[in-house]
Amino acid sequence: MAMTRQDPQTLEEAVANLATDLKDLAGTVAAAELLRSVRKGQPGDVARWGAQCSCALLNSRTVPHCAGSPFALCAPPLWLAVYRKDYACAEALLHAAPEDAKAREELLEANATVCPGDGYGRNCSVGGMSPLHLAVSRGSSECVAKLLSLRVDVDARLCFVVDEADEPEWDEACGAFSKGLEGLCALQLAALRADDRMCSLLLAHGANASALGRLSSAAAASLPAELSKKLAPITGDDGEALECAICYEPLLRLTSEWTPCCLHCLHAHCLTRLTACPMC
């Protein structure tokens with residue numbers, strides 16, 4: 001029986017297609033193992049499997065949308081970490097925030113919005129959760145740090161259910177939930193909860209204290225008096241707000257320290273990087 005010679009071009013295409021299929025399969029397996037590692041809180045395996053995933057797979061939203069409640073908020077992972085008072089995850093996320101000043105500001109100023117779905121996670125345009133979202137949701141700061149080292153999207157929003165105490169009331173007349181925590185940025189949320197430590201952490205990483213001036217009158221009135229004093233700017237003899245001599249941002253009582261050698265006032269987070277006072 002005569003044998004026909006196969007077209008080399010067709011053979012090359014078949015090999016290329018097979019290689020692509022194998023690569024896709026390997027990526028699918030790596031992505032599945034990555035999620036399993038995040039769920040089990042195994043940072044070593046997160047780094048191992050994450051390194052084998054493409055950027056698209058690292059940021060894919062394959063974890064089901066949150067459910068179990070008709071109300072959910074939508075915000076970046078940093079907001080969720082602040083909401084849950086998860087300082088380790090918040091610090092990891094802040095260290096990985098964009099270096100570009102505008103992008104960094106947008107992340108820190110991002111407000112929480114209401115999940116655009118129709119309740120219980122249905123028909124939400126935001127979609128499910130990525131591996132980073134899952135790690136933050138589970139409070140696994142080590143897994144968060146490993147994922148961030150792989151350059152995942154730190155500002156991609158996710159939807160999450162709030163605690164029952166924070167669920168807003170349903171307004172029958174408007175057919176919608178009342179405001180609740182909607183519209184707050186991370187710093188505003190931390191301040192309203194009198195969380196000195198989180199406020200200091202956010203301010204040290206570039207959060208703008210002027211956001212507190214944009215709180216509604218009712219919300220501003222609920223700020224603890226002691227925290228309000230700590231968030232007030234330090235002023236000179238002329239009544240003008242003083243600036244840090246290192247970063248030239250306003251000095252707030254909460255984030256400032258006096259140098260032990262000469263008593264110049266600088267940001268605490270700026271001072272830790274120095275061995276001597278720049279003013280002397």
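The basis for the numbers below is simple: all heavy atoms, side chains too, and nothing from hydrogens, waters or symmetry mates. When a residue number appears, it is its place in the shown sequence, counting from 1.
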Residue pairs passing the salt bridge (Lys or Arg N to Asp or Glu O under 4.0 Å) test where at least one lies in residues 236-245, sequence neighbours excluded: none
The complete set of salt bridge (Lys or Arg N to Asp or Glu O under 4.0 Å) pairs with one or both residues in residues 78-101, sequence neighbours excluded, reads none
Please output the side-chain donor-acceptor pairs of residues 145-156 that fall under 3.5 Å, not counting sequence neighbours, one pair per line with the distance.
{"residue": "S149", "atom": "OG", "partner": "K146", "partner atom": "O", "Å": "2.5"}

Taking only residues two or more places apart in sequence or in another chain, which ones pass salt bridge (Lys or Arg N to Asp or Glu O under 4.0 Å) with E109? R214
Just jot down the side-chain hydrogen bond (donor to acceptor under 3.5 Å, both in side chains) partners of [X], sequence neighbours excluded, or say none.
| X | answer |
| --- | --- |
| S125 | none |
| S69 | E167 |
| N208 | S210 |
| D118 | N123 |

Could you pull out every donor-acceptor pair under 3.5 Å between side chains of residues 157-166 and any protein atom, sequence neighbours left out?
{"residue": "R157", "atom": "NH2", "partner": "C74", "partner atom": "O", "Å": "2.7"}
{"residue": "R157", "atom": "NH2", "partner": "N111", "partner atom": "O", "Å": "2.8"}
{"residue": "R157", "atom": "NH2", "partner": "T113", "partner atom": "OG1", "Å": "3.3"}
{"residue": "D166", "atom": "OD2", "partner": "Y83", "partner atom": "OH", "Å": "2.6"}
{"residue": "D166", "atom": "OD2", "partner": "R193", "partner atom": "NH2", "Å": "3.0"}

So the ring-ring contact (aromatic ring centres under 6.0 Å, His included) pairs with at least one residue in residues 87-118 (sequence neighbours excluded) are H95-H205
Starting from I234 and following side-chain heavy-atom contacts under 4.5 Å between hydrophobic residues (I, L, V, M, F, W, Y), which residues can be reached? L242, L251
Check residues 37-50 and write down every donor-acceptor pair under 3.5 Å in which the side-chain atom is one partner and the other belongs to a residue at least two apart or another chain.
{"residue": "S37", "atom": "OG", "partner": "E33", "partner atom": "O", "Å": "2.8"}

